[in-house]
**Student:** 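Handing you this structure, nothing more for now.
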Amino acid sequence: MKENKIILKWQILAFFFIVLLGSMFHFVYEWSGKSKIVAYFAAVNESTWEHLKLAFFPALIFSLIEYPFVKKYVKNYFFGKVIGFYIMPITIIVLFYGYKILFKSHSLLWDIFIFMLAIFLGEFFAYKFLTKRESLGKNYEKLSIVLFIIIFILFSLLTYFPPKNLLFKDPITGGYGIINN
């Protein structure tokens with residue numbers, strides 16, 4: 001169908017946008033002179049949590065850009081995008097810690113591959129929901145709102161108020177978030 005091709009083109013564009021902007025967001029905090037405002041969406045340290053933001057915020061920005069262009073072709077936009085927002089960090093966490101446990105080593109190439117794979121999977125599953133011809137219904141719409149609020153609040157606050165656990169610990173400094181950075 002013509003609509004599916006249009007949506008596919010947008011999801012491919014989303015992949016490249018998120019990879020490029022996410023890669024840039026790895027450095028923007030330092031470039032900004034460690035601005036607390038920039039810390040909201042950019043990585044402030046080398047913790048896994050901060051690297052998850054590199055996928056989430058570019059994906060959110062792209063979704064806001066994309067929506068006006070595809071809304072007439074899709075019935076489950078918000079649910080599809082929220083599913084993608086969750087798949088990306090879950091994939092990164094599982095594969096990153098999985099390979100570190102399995103191989104007992106760390107590799108920048110694996111990290112980059114995992115980042116790109118997570119974005120691909122997030123956009124792939126978003127695409128699957130975006131191309132469904134039937135609406136999933138009001139309950140899924142409500143669920144997507146709740147799930148979005150949860151993930152947005154987590155990514156908004158936990159840089160400033162991180163729990164003291166492995167996900168939030170900067171392996172270089174031993175600090176947590178921006179406050180203890």
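Everything numeric here is computed off the predicted structure, so don't read it as measured data. Computed over heavy atoms, backbone and side chain alike; hydrogens, waters and symmetry mates excluded.
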**Student:** Which heavy-atom pair separates T91 from I114 by the least distance, and what is that distance?
**Tutor:** O-CG2, 4.3 Å
**Student:** If you define the side chain from C-beta out and look only at heavy atoms, does anything of I18 sit under 4.5 Å from E123?
**Tutor:** yes
**Student:** Would you check, one step at a time, whether the test salt bridge (Lys or Arg N to Asp or Glu O under 4.0 Å) holds for K72 with E3?
**Tutor:** CA-CA 9 Å; K72 64 184 173 191; E3 294 87 6; over 6 Å; no
**Student:** For the residue pair I7 and Y127, what are the closest heavy atoms and their distance?
**Tutor:** CG2-CD1, 3.7 Å
**Student:** Do H51 and L54 have side chains that approach each other closer than 4.5 Å (heavy atoms only, starting at C-beta)?
**Tutor:** yes
**Student:** Within a 6.0 Å radius of atom OH on Y40, are there more than 12 heavy atoms belonging to other residues, nucleotides or ligands?
**Tutor:** yes
**Student:** Just wondering, do I65 and F17 contact through their side chains at under 4.5 Å, heavy atoms?
**Tutor:** yes
**Student:** In terms of side-chain heavy atoms, does R133 have a donor or acceptor partner in N4 at a distance below 3.5 Å?
**Tutor:** yes
**Student:** Verify the cluster assignment for L108 and I93: are they in a single hydrophobic cluster under the rule of side-chain heavy atoms below 4.5 Å apart?
**Tutor:** yes
**Student:** Within the 4.5 Å heavy-atom criterion, are K5 and W10 side-chain neighbours or not?
**Tutor:** no
**Student:** If you define the side chain from C-beta out and look only at heavy atoms, does anything of W49 sit under 4.5 Å from L52?
**Tutor:** yes
**Student:** Under 3.5 Å, is there a donor-acceptor pair between the side chain of S32 and the main chain of Y29?
**Tutor:** yes
**Student:** Using side-chain heavy atoms (C-beta onward) and a distance below 4.5 Å, is F120 in contact with V19?
**Tutor:** no
**Student:** So, for K81 and S63, which heavy atoms are closest and what is the spacing to 0.1 Å?
**Tutor:** CD-OG, 3.4 Å
**Student:** Of all heavy-atom pairs between I178 and V44, which one has the smallest distance, and what is that distance?
**Tutor:** N-CG2, 3.9 Å
**Student:** Write down the atom of A42, the atom of V28, and the distance for their closest heavy-atom approach.
**Tutor:** CB-CB, 4.3 Å
**Student:** Between H106 and F96, what is the ring plane arrangement, given parallel below 30°, perpendicular above 60°, and tilted in between?
**Tutor:** perpendicular
**Student:** Is F103 reachable from F115 through a run of hydrophobic residues whose side-chain heavy atoms are each under 4.5 Å from the next?
**Tutor:** yes
**Student:** Are T159 and E50 linked by a side-chain donor-acceptor pair shorter than 3.5 Å?
**Tutor:** yes
**Student:** Measuring only between side-chain heavy atoms, which start at C-beta, is F16 closer than 4.5 Å to I12?
**Tutor:** yes
**Student:** Would you name the heavy atoms of D111 and Y99 that are closest together and state the gap between them?
**Tutor:** OD1-OH, 2.7 Å
**Student:** Can you see whether Y97 engages T48 through a side-chain donor-acceptor pair at a distance of less than 3.5 angstrom?
**Tutor:** yes
**Student:** Heavy-atom count around Y86 OH within 6.0 Å, excluding the residue itself: above 12?
**Tutor:** yes
**Student:** Within a radius of less than 6.0 Å around CD1 of I37, do more than 12 heavy atoms belonging to other residues, nucleotides or ligands occur?
**Tutor:** no
**Student:** Tell me, do K53 and F25 make a side-chain contact under 4.5 Å, heavy atoms counted?
**Tutor:** no
**Student:** Y176 and F168: ring-ring contact (aromatic ring centres under 6.0 Å, His included), yes or no, with the steps?
**Tutor:** CA-CA 6 Å; Y176 296 87; F168 297 89; 7.9 Å; no
